[in-house]
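Shown next, in structure tokens, is the structure this report addresses.
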Amino acid sequence: MNLSLKAIITHISVIAFFIFASLIYFYPVLQGKAIFQSDIAQYKGMSKERNDYKELTGEESYWTNSAFGGMPTYQLGANYPHDYIKKLDRLIRFLPRPADYLFLYFLGFYVLMLCLKVEYRLAILGALAFGFSTYLIIILGVGHNAKAHALGYIPMVLGGIVLVFRKKYLFGFILTALAMALEINANHYQMTYYFMLLVLVLGLVHLIYAIKDKKLKHFFASIGILIGAVILSIATNATNLMATKEYADWSTRGKSELTINPDGSPKEVQNGLDKDYITQYSYGIAESLNIFSPRLFGGSGNEDLGKESKAYEYLTSQGLSPTKALEFSSGMPLYWGNQPIVAGPAYIGAIIFFLFILGLCLVKGKKKWWLLTGAILALLLSWGKNFPALTNFMIDYFPLYNKFRAVSSIQIILELCLPILAVLGVRELFKSNDKISKKIAALKLSFFITLGLGIFIFILKAFFDFVGLRDDTYRGYFGDELMTMIQRDREAVYVSDTIRSLIFVLLTAVTLWLFIKNKIGKNLIAIVLGALILFDLIGVNLRYVNEDDFVRQRNVNTPFQASQIDELIQQDDSVYRVFDPQEGLNGARTSYFHKSIGGYHAAKPRQLQNLFEYHLYQNNIEVLNMLNVKYIIQQDEEGNSFPAVNDNANGNAWFVEDLISVYSVNDEINALSNLDTKKAAVINLIKNHNNSDFTRHKLTIDSLANIDLVDYLPNYIKYQSNNSNDGFAVFSEMHYPKGWNAFIDGKAEPHYKVNYALRGMKVPAGQHEIEFKFEPTVVKMGSQVTLASCILLGLIVIGGLGFSLRPKKSKTKT
């Protein structure tokens with residue numbers, strides 16, 4: 001790899017431009033503000049205990065009791081030893097959030113373009129189109145930071161793969177290994193998984209061409225190099241991957257052992273997520289045309305139409321004040337597609353779509369075919385339940401596909417493929433050795449295809465009623481007349497946005513025609529195209545993410561304010577749990593202030609979720625008692641909240657007098673229906689190798705027997721027990737199969753899962769000190785692998801740099 005001084009200066013200037021563009025677009029960060037992201041607020045609630053412990057002690061806690069009754073912090077911001085890839089990532093993302101992610105979008109795509117040998121002007125164009133695509137901006141608005149993070153590195157990985165197939169083996173290996181390590185470190189495996197589907201398509205297309213061109217040796221050498229790079233990148237993230245795998249098996253993403261439903265009916269054993277859950281967010285087939293016309297299905301459920309809306313006119317005509325009417329029309333429920341909630345359309349851009357068609361007409365060879373195939377595959381899969389033949393096949397037979405939900409998000413592959421081929425199409429126009437007639441013909445064909453799509457969309461309008469899933473609910477709030485006005489507003493934005501897209505297509509076509517006719521040069525066309533793309537995309541993006549989303553930094557750092565109820569509960573300095581039925585299983589506000597049995601996570605602990613579904617939703621108070629839920633936030637008849645004290649909570653630990661043996665997981669959870677958890681505990685004899693110690697028997701407890709919690713940290717709990725007889729203690733802590741070690745008077749002793757979700761252990765007669773320590777082996781083992789692989793990757797990078805800087809041998813014979 002040889003870079004001239006001019007090229008180096010060019011690339012540095014481009015990077016400086018990307019920094020400038022990122023900061024300008026998110027300019028409130030320059031005023032010290034931060035974007036308020038709803039998902040990040042939930043994340044802060046979940047990780048509050050872990051963060052507080054880290055700040056107080058400087059040590060990492062890999063367990064928290066603040067959410068779901070207790071869970072590992074592996075997906076709640078845990079840091080691992082020797083995670084040098086994360087340090088490199090922080091170096092790259094040095095800008096304030098969310099400008100750092102936008103910069104990463106630009107940088108990643110620019111690197112990919114260079115790997116595809118696209119000149120810098122078009123590479124900038126592509127980077128702007130990719131970075132400002134609406135979906136990528138919207139996820140920053142709602143706080144899908146890990147997703148944005150992963151999407152930012154995907155183009156770089158693709159660039160490394162492209163280099164390898166271009167026979168740039170060494171630098172292709174280095175870029176692939178480094179970018180893939182950063183991609184995995186971004187910790188959004190769903191995006192990485194979907195990207196790998198595109199890589200499979202790329203590999204398949206290259207294989208077909210290798211067979212056709214008789215270049216199988218190069219193909220398999222490339223595959224071998226890429227596999228080596230990926231293995232090394234995985235090894236550099238060993239700790240996180242191993243910990244995530246361990247937790248995933250315990251969570252709702254793992255295999256369910258229950259074979260009955262809460263009502264007792266047979267249940268299909270699942271090794272992954274439920275199909276309905278996976279496909280809950282499925283793109284409608286017609287809704288996918290949002291990539292060309294953004295508000296075809298209304299945009300989002302909270303659109304601002306201002307005074308231009310039919311609803312505003314209607315409300316003011318009915319005597320409502322303009323201020324009140326404007327307030328209503330600033331948050332219109334315009335979305336009427338079939339997805340439960342949508343923050344905005346996955347608009348890729350009318351111009352990019354038009355240029356993509358142009359690319360299909362002009363680009364030849366395998367690049368076109370893998371991008372087209374990848375885009376079509378992503379489109380079909382994003383339809384989810386609306387295209388069940390393919391989706392069910394993937395869920396049932398394709399490895400790991402059933403581990404991820406929200407299949408609509410696979411459209412990120414479209415977000416990647418369309419701008420790549422669009423830029424490659426413009427690059428073909430830049431080539432001076434091609435015939436003008438050929439370029440004109442391709443331009444005409446692309447324009448008329450895109451124009452035809454616009455006309456088709458207008459025709460399609462006749463088949464829509466613009467009625468959404470929640471309209472009956474809205475009608476109850478707003479009334480029939482106002483609901484009719486809202487539907488007319490939906491129709492209006494359908495038309496106006498389609499016209500808007502066609503105008504941008506027309507302007508782009510005219511610009512390209514002038515270029516082909518030599519009326520304007522390369523620099524000017526790059527500037528004009530860039531301006532049109534920015535007007536198009538940013539104009540849509542600002543509808544959903546704008547300066548109104550930014551707040552003071554302290555509001556982001558402290559997303560929840562303590563209520564009087566929270567302050568009242570916090571006066572109790574014992575260790576207990578709080579349950580807010582209004583928040584239920586989905587919400588992290590309670591976790592921010594208390595130890596909660598609720599939480600907010602895409603992969604909930606399966607045991608806790610099952611306790612909710614099989615017992616808590618049926619008002620089985622005994623389950624709340626055994627989870628040591630001391631406070632339940634309830635509402636009086638006027639809707640005012642108050643903390644009800646649960647005097648029957650079992651406390652932190654207790655001795656039981658009856659140990660009941662069962663023989664299946666079904667029996668474990670069913671037994672809780674009629675269990676007096678203060679007196680008895682349930683243990684699965686099969687899971688404990690038919691240990692005769694656990695066959696049903698009575699235990700003697702005298703009136704003075706007790707077991708008290710005397711020390712608490714998230715990852716360390718100490719009790720003192722006093723019992724004149726041998727006993728069996730139940731602890732109100734969640735049982736987790738790996739990492740928690742128990743000790744009696746400093747000696748390691750086994751503990752067991754009881755009552756389906758809790759810990760229990762035998763405690764001998766007398767006074768004893770009982771300790772539980774969370775010492776995850778997975779972190780210790782993973783850290784060693786991570787360190788070794790990071791050293792190896794570092795040596796390869798240094799070697800590669802040395803190789804590139806070595807003195808070149810003169811080709812001239814002397």
Side-chain angles (χ1 to χ4, degrees), residues 46-47 49-50 53 59-78 80 239-258 575 577 585 591 595-612 623 626-629 650 652-653 665 668-669 672 681-684 687-688 709 711-719 729-744 748-762 770-782:
M46 294 285 289
S47 59
E49 185 182 47
R50 175 257 168 197
Y53 179 77
E59 298 176 0
E60 194 67 47
S61 169
Y62 295 109
W63 186 268
T64 179
N65 283 298
S66 283
F68 297 124
M71 65 182 291
T73 60
Y74 300 151
Q75 293 297 307
L76 299 177
Y80 303 110
T239 315
N240 189 28
L241 290 170
M242 292 167 65
T244 300
K245 172 67 171 61
E246 180 186 290
Y247 172 70
D249 290 344
W250 187 66
S251 75
T252 50
R253 304 295 171 110
K255 182 178 180 180
S256 172
E257 295 180 300
L258 292 173
V575 177
R577 293 196 175 91
L585 189 57
S591 300
K595 295 173 179 58
S596 171
I597 61 172
Y600 186 87
H601 203 280
K604 299 177 178 62
R606 184 179 288 279
Q607 292 176 173
L608 200 282
Q609 174 149 333
N610 286 341
L611 285 181
F612 265 85
V623 172
M626 77 177 197
L627 289 171
N628 192 23
V629 175
N650 291 8
N652 304 110
V665 180
E668 281 184 66
I669 201 161
L672 296 177
V682 175
I683 190 166
N684 189 329
K687 291 284 185 182
N688 288 287
L709 186 148
D711 198 1
Y712 170 84
L713 293 173
N715 54 0
Y716 174 78
I717 304 176
K718 185 166 76 175
Y719 307 84
V730 177
F731 303 85
S732 65
E733 304 298 329
M734 297 298 288
H735 179 270
Y736 186 75
K738 297 178 180 178
W740 277 105
N741 296 317
F743 304 86
I744 297 180
E749 295 289 347
H751 68 282
Y752 310 93
K753 187 175 82 165
V754 297
N755 292 2
Y756 183 70
L758 302 184
R759 303 172 202 167
M761 68 185 301
K762 294 183 289 185
I770 303 169
E771 296 170 290
F772 280 93
K773 300 177 182 178
F774 193 54
E775 302 166 319
T777 306
V778 68
V779 173
K780 184 177 180 181
M781 290 177 57

Inset, instruction - Could you tell me which non-hydrogen atom of V730 sits nearest to which non-hydrogen atom of A681, and how far apart they are? - result: CG2-CB, 3.7 Å
Legend entry - Separation of R253 CZ from K604 NZ (nearest 0.5 Å): 9.0 Å
Inset, instruction - Drop me the distance from S61's OG to R50's CZ, to the nearest 0.5 angstrom. - result: 8.5 Å
Inset, instruction - Begin from the C-alpha positions of Y752 and I683 and carry the test side-chain contact (heavy atoms from CB on, under 4.5 Å) through to its verdict. - result: CA-CA 8 Å; Y752 310 93; I683 190 166; 4.0 Å; yes
Inset, instruction - Report yes if the side chains of L76 and M71 come closer than 4.5 Å at any heavy-atom pair, otherwise no. - result: yes
Inset, instruction - Under the salt bridge (Lys or Arg N to Asp or Glu O under 4.0 Å) rule, what do K738 and E775 come out as? Steps first, then yes or no, please. - result: CA-CA 9 Å; K738 297 178 180 178; E775 302 166 319; over 6 Å; no
Legend entry - Validation row, ring centre Y716 to ring centre F772 under 6.0 Å: no
Legend entry - Nearest heavy-atom neighbours spanning S591 and S596: OG-CB, 3.7 Å
Inset, instruction - Would you please name every residue forming a salt bridge (charged side-chain N to carboxylate O under 4.0 Å, His left out) with K773, sequence neighbours left out? - result: none
Legend entry - Residue pair I669 / L258, side-chain heavy-atom distance below 4.5 Å: yes
Inset, instruction - Measure from the side-chain N and O atoms of R759 to the backbone N and O of W740, and report whether any donor-acceptor pair falls under 3.5 Å. - result: no
Inset, instruction - Would you mind checking if E668 and K753 are paired as a salt bridge, meaning a charged N to carboxylate O distance below 4.0 Å? - result: yes
Inset, instruction - Test side-chain contact (heavy atoms from CB on, under 4.5 Å) on V575 and K595 and set out the steps. - result: CA-CA 8 Å; V575 177; K595 295 173 179 58; 4.1 Å; yes
Legend entry - Non-hydrogen side-chain atoms of M761 and I744 separated by less than 4.5 Å: yes
Inset, instruction - Rounded to the nearest 0.5 Å, what's the gap from CG on N610 to CD on E257? Could you check? - result: 10.0 Å
Legend entry - Separation between CZ of F731 and CG of N652, rounded to the nearest 0.5 Å: 10.5 Å
Inset, instruction - Under the side chain to side chain donor-acceptor pair (under 3.5 Å) rule, what do Q607 and Y756 come out as? Steps first, then yes or no, please. - result: CA-CA 7 Å; Q607 292 176 173; Y756 183 70; over 6 Å; no
Inset, instruction - Given side chain to side chain donor-acceptor pair (under 3.5 Å), test T64 with E49 step by step and report yes or no. - result: CA-CA 6 Å; T64 179; E49 185 182 47; 2.7 Å; yes
Inset, instruction - First locate atom CD of E60, then atom CG of N715, and finally report the distance between them rounded to the nearest 0.5 Å. - result: 9.5 Å
Inset, instruction - Give me the ring orientation class for Y247 and H601: parallel if the planes are under 30° apart, tilted from 30 to 60°, perpendicular past 60°. - result: perpendicular
Inset, instruction - List the steps and the verdict of side chain to side chain donor-acceptor pair (under 3.5 Å) for Y712 and N65. - result: CA-CA 10 Å; Y712 170 84; N65 283 298; 2.9 Å; yes
Inset, instruction - Establish, yes or no, whether a centroid distance under 6.0 Å links the rings of Y80 and Y62. - result: yes
Inset, instruction - Go through the steps for Y53 and L713 under the test side-chain contact (heavy atoms from CB on, under 4.5 Å), then give the verdict. - result: CA-CA 8 Å; Y53 179 77; L713 293 173; 4.0 Å; yes
Legend entry - Pairwise distance CG(L611) to CE(M626) - rounded to 0.5 angstrom: 5.0 Å
Legend entry - Sidechain-backbone polar pair: T239 side chain, G782 backbone, donor-acceptor under 3.5 Å: yes
Legend entry - Side chain S732, main chain L627, donor-acceptor under 3.5 Å: no
Legend entry - Cationic tip of R606 above W250 ring, under 6.0 Å, 45° of axis: no
Legend entry - Polar side-chain atom of N684 near backbone of K687 as donor-acceptor pair, under 3.5 Å: yes
Inset, instruction - Determine yes or no for a side-chain-to-main-chain donor-acceptor pair under 3.5 angstrom, with T244 supplying the side chain and Y74 the backbone. - result: no
Legend entry - Residues T777, M242; criterion side-chain contact (heavy atoms from CB on, under 4.5 Å); working and verdict: CA-CA 10 Å; T777 306; M242 292 167 65; over 6 Å; no
Legend entry - Check: F68 and Q609 side chains under 4.5 Å, non-hydrogen atoms: no
Inset, instruction - Measure the shortest side-chain to side-chain distance between M734 and L608 over non-hydrogen atoms and say whether it is less than 4.5 angstrom. - result: yes
Inset, instruction - Give a yes or no on whether a salt bridge exists between R577 and E733, defined as a side-chain N under 4.0 angstrom from a carboxylate O. - result: yes
